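From a predicted model like this one, the values you see are computed outputs, not experimental measurements. Proteins get letters first, then strands, A, B, ... in listed order; numbering begins at 1 in each.
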Number of protein chains: 2
Amino acid sequence: MPDREGHPELTEIELGKVLSALADPLRRRVVRELAGGPDGEARTCSSFALPVGKATVTHHFRTLREAGLIRQVDRGNSRMATLRRADIEDRFPGLLSLLVAEGVEEAGGAGGVGDAGGAGGVGPAV
Amino acid sequence: MPDREGHPELTEIELGKVLSALADPLRRRVVRELAGGPDGEARTCSSFALPVGKATVTHHFRTLREAGLIRQVDRGNSRMATLRRADIEDRFPGLLSLLVAEGVEEAGGAGGVGDAGGAGGVGPAV
DNA sequence: TCCAAGGTATGACTTGCATCGTACCTTGCG
DNA sequence: CGCAAGGTACGATGCAAGTCATACCTTGGA
């Protein structure tokens, strides 16, 4: 059962909810940025500079949280979000690689996803 | 540019459209059944026995086709659908494994996805 | 030739979702 | 203490998506 903040447990993460959450380009961008950063990195919601209002940002982060993709913890004034990297890799190996690869191709990189698909090596060498 | 039947080319397959298409459980079921069958298997729309009306079935198959997940070819009276397995593996390696694994866990299999994540070995040995 | 079967096209309906504005709460700081 | 800043809650709105009923087309077979 999810805790009172809405985080599902590892075994409760459902593929359908994850895919629905990742269907939105804004949410995909958040996960991609987190996946491209160091493991365990904690960022505030506002640090992503999403081109939508505050209320909408809250909505998107709630969706990501309830899907099991991110973890949110209160830290004083702000609310830090971290990627549940190990959990996602455990249940859906290779999924994060696909998101990171999407960012690469949009950034003007050459075609091909390289070694994507492996369980490791998603983030930078920490 | 997609052909007049709506099939996108390999390089036109977008992650966003694919994820949106797979967000629906009925469509996920179609892809999962195709991915679990032999490579190149062609089935009619009605062979999936989806619990919705004919018009809705057409709608779902159109979505899958325009996302680039299946290919539909006329064959006399019926319209056969085949999984674009190689194309999907090329652009999103490991994605089909996740769908097949979902079916396994729902069917009462033990936890864990085994060797999922590799590019090969999604379907049965053909 | 006529009819049944598989799909498609169209229009309508309903629900869900993304978005916003506003009000409100909490924390940190001057 | 008082205020600004980060988030949340709630209500409203507009649009996209899933569903259906119906009508229609095409093919294959009796």
Quick one: is dG7(D) close enough that its OP1 or OP2 comes under 4.0 Å of any side-chain N or O from T44(A)? yes

Between S78(B) and dT27(D), is there a contact of a side-chain N or O with OP1 or OP2 at under 4.0 Å? no

Describe the nucleic acid contact of [X] in one word from base, sugar-phosphate, nothing, applying a heavy-atom distance below 4.0 Å.
X      : value
T58(A) : base
D24(A) : sugar-phosphate
R75(B) : nothing
H59(B) : base
T63(B) : nothing
T56(B) : base

To the nearest Å, how far apart are [X] [atom1] and [N] [atom2]?
X      : N       : atom1 : atom2 : result
E5(B)  : dG7(C)  : CD    : P     : 14 Å
E66(B) : dA17(D) : CD    : P     : 11 Å
R43(B) : dG7(C)  : CZ    : P     : 12 Å
F61(A) : dG6(D)  : CZ    : P     : 14 Å
L26(B) : dA17(D) : CG    : P     : 16 Å
D74(B) : dT8(C)  : CG    : P     : 8 Å
R28(B) : dA17(D) : CZ    : P     : 17 Å
L50(B) : dT19(D) : CG    : P     : 9 Å

If you assign H60(A) and R62(B) each to the DNA chain C nucleotide with the nearest heavy atom, which residue ends up on the more 5' nucleotide? R62(B)

Using heavy-atom distances to pick each residue's nearest nucleotide on DNA chain D, tell me which of V57(A) and N77(A) is more 5'. N77(A)

With DNA chain D as reference, determine whether G76(B) or G53(B) sits nearer its 5' end, using the nearest nucleotide of each. G53(B)

Check whether any side-chain heavy atom of E41(A) lies under 4.5 Å from a side-chain heavy atom of L83(A), and answer yes or no. no

Could you tell me if R71(A) and H7(A) have a donor-acceptor pair between their side chains, going purely by distance under 3.5 Å? no

Can you see which heavy atom on R65(A) is nearest to which on E5(A), and at what distance? NH1-O, 2.8 Å

Atom of I13(A), atom of A67(A) and distance for their closest heavy-atom approach: CG2-O, 3.5 Å

Checking R28(A) against L99(A) for the side chain to side chain contact (heavy atoms under 4.5 Å, CB included) test, could you report, in this order, the C-alpha distance in whole Å, the side-chain angles of both residues, the deciding distance, and whether it holds? CA-CA 7 Å; R28(A) 214 155 55 237; L99(A) 301 174; 3.4 Å; yes

I want to verify a distance call: between [options], whose nearest atom is closest to the [X] side chain?
X      : options                   : answer
A55(B) : dT19(C), dT22(D), dG18(D) : dT22(D)
K54(A) : dG7(D), dG6(C), dA9(C)    : dG7(D)
R79(B) : dG18(D), dG6(C), dT8(C)   : dT8(C)

Ring-face cation contact, F48(A) with R29(A), 6.0 Å cut, 45° max: no

